[in-house]
There are 2 protein chains.
Amino acid sequence: MPFVLHGIAMPQDAFTALSLCNNATLRRATRKLGQLYDDVLAASGLKATQQGLLYQIHVGEEPAMGAIATALVMDLSALGHTLKPLIRDGFVETFADSNDRRIKRVRLTPLGRQKLEEAMKLWRVAQQRFEDMVGKEQAASLRAALDRIAALDFDLPPAAP
Amino acid sequence: MPFVLHGIAMPQDAFTALSLCNNATLRRATRKLGQLYDDVLAASGLKATQQGLLYQIHVGEEPAMGAIATALVMDLSALGHTLKPLIRDGFVETFADSNDRRIKRVRLTPLGRQKLEEAMKLWRVAQQRFEDMVGKEQAASLRAALDRIAALDFDLPPAAP
DNA sequence: TCTCCATGGTGGCATATACCACTAAAGATC
DNA sequence: GATCTTTAGTGGTATATGCCACCATGGAGA
């Protein structure tokens, strides 16, 4: 007899156990896809997250760190940490905004542009691999749903008084 | 004039820039939802991932580490690292399998069971918060799609010869 | 029985990510 | 002009996660 926790019978299958949880299923799928993209992108020396960050910086045309963090739905200090290896390896550089010295802007170096181009070729292979399996429309539909999630406003207080 | 990379015009909006990438949109949504679940679960002292892991162990009825890793689609050595704080804090313990000494099994301690019950109460609040915003059917549909992704077989070689 | 291969797990190292305290800079208010 | 509040970012610390080399154990085959 399965253990009953607060009146809810627990599923027995290990894989489906997590499938009740929105967060856990998202993380598991993210690990799955992350493994594919990282594997394909390994030839460039970049992680998939780093390729995405270079792309974001490229598209943002010297974006402020705060703007990148907001677009990625990422904590600003976490973004600061994530940028460090890319700065160390010479792919990006930061500089102070001319109007507001609090603001740090980010841009790709020439080496970074080159690395991004190399990585984008591999990125397309990974996209193709995934979309060949699930279908282009399914993939687009999923991305749209995920964008809606990312845009949700939970009204989380940054600091509780 | 937007910079053209290999014939693909780049979107200008920072948020939608990543929306072309399956992996990046998944990660961004995962950060979003992770922040909600972690915020709600903070009162228990557990991260959402830890609550999910305790739940997985509970449901698995003394599962082997390898089985947990497979169900979570997680690297076994990463799972080993992830278990450490839970072992340190006395919520789980590991023991050798009676039939095969290579196999390590995991179980919740009495403290772990208690902590899981506490966390499950909070988890339900987080689930409710999310599902109130997106709708129960939409949430269920998304979880089903994410489970299909997690179950995909990309045929990644563990080690290329 | 011995050898080879596969499996399960650990430790090391690195990136990914979040929270918090703190500092510097800018804006608002008096 | 001075003071207070807000904003942007850094460093520290911790968990999340993946890859790799390595070791112990078990299974298969000679």
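Every chain is numbered from 1 and lettered A, B, ... according to where its sequence line falls, protein lines coming before strand lines. Here the structure is a predicted model, which means the values were calculated and not measured.
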Provide, to the nearest angstrom, the distance between the NZ atom belonging to A:Lys47 and the C1' atom belonging to D:dT17. 8 Å
Test: B:Arg124 and B:Glu118 ion pair at under 4.0 Å: no
Please report the interatomic distance CD1(A:Ile68) to CG(A:Leu53), rounded to the nearest 0.5 Å. 6.0 Å
Rounded interatomic separation in angstrom, taking CZ from B:Arg101 and C1' from D:dG26: 10 Å
Which sits closer to the 5' end of DNA chain C, A:Gln50 or B:Thr94, going by the nucleotide each is nearest to? B:Thr94
From D:dG9, C:dT10, D:dG26, pick the nucleotide closest to the side chain of B:Asp100? D:dG26
Between B:Thr49 and B:Asn99, which is nearer to the 5' end of DNA chain D once each is assigned its nearest nucleotide? B:Thr49
Taking atom C1' of C:dA16 as reference, at what distance in whole Å does atom CD of A:Gln35 sit? 14 Å
Restricting to non-hydrogen atoms, name the atom on B:Gln56 and the atom on A:Leu18 that form the minimum distance, rounded to 0.1 Å. OE1-CG, 3.1 Å
Length of the CZ-P vector between B:Arg31 and C:dA18, whole Å: 6 Å
Would you call A:Lys136 and A:Glu131 a salt bridge, using N to O less than 4.0 angstrom? yes
Under a plain distance cut-off of 3.5 Å, with no hydrogens placed, do A:Thr25 and A:Ser19 share a side-chain donor-acceptor pair? no
Ranking C:dG9, D:dT6, D:dT15 by distance to the side chain of A:Arg102, first place goes to D:dT6
Can you find a heavy atom in the side chain of A:Tyr55 that is under 4.5 Å from one in the side chain of B:Leu20? yes
Is the backbone N or O of B:Ala48 less than 3.5 Å from a side-chain atom of B:Asp38, with the two atoms forming a donor-acceptor pair by type? yes
When you measure from the side chain of B:Met65, which nucleotide among D:dA8, D:dT15, C:dT10 comes out closest? C:dT10
First encountered from the 5' end of DNA chain D, between B:Asp89 and A:Gly34: B:Asp89
What does B:Arg105 touch in the nucleic acid at a heavy-atom separation under 4.0 angstrom: a base, only the sugar-phosphate, or nothing? nothing
Salt bridge (Lys or Arg N to Asp or Glu O under 4.0 Å) contacts in which one or both residues fall within residues 70-93 of chain A, not counting sequence neighbours: A:Glu93-A:Arg107
In whole angstrom, give the distance that lies between atom CG of A:Leu54 and atom P of C:dA16. 10 Å
Residues in contact with DNA chain D, drawn from residues 75-87 of chain B - heavy-atom cutoff 4.0 Å: B:Asp75, B:Ser77, B:Ala78, B:His81, B:Thr82, B:Pro85
Atom CG of B:Leu53 to atom C1' of D:dT17: distance rounded to whole Å? 13 Å
A:Arg88 CZ to C:dA14 C1': how many Å, rounded? 9 Å
Please check this pair: side chain of B:Gln50 against backbone of B:Lys47, looking for a donor-acceptor N/O pair closer than 3.5 Å. yes
Tell me yes or no: between the side chains of B:Tyr37 and B:Gln127, is some donor less than 3.5 Å from an acceptor? yes
Expressed in angstrom and rounded to an integer, what is the separation of B:Arg27 atom CZ from C:dA18 atom C1'? 14 Å
For DNA chain D, the dot-bracket pattern of Watson-Crick and G-U pairs whose distances stay under 3.5 Å, | for other-strand partners: ||||||||||||||||||||||||||||||
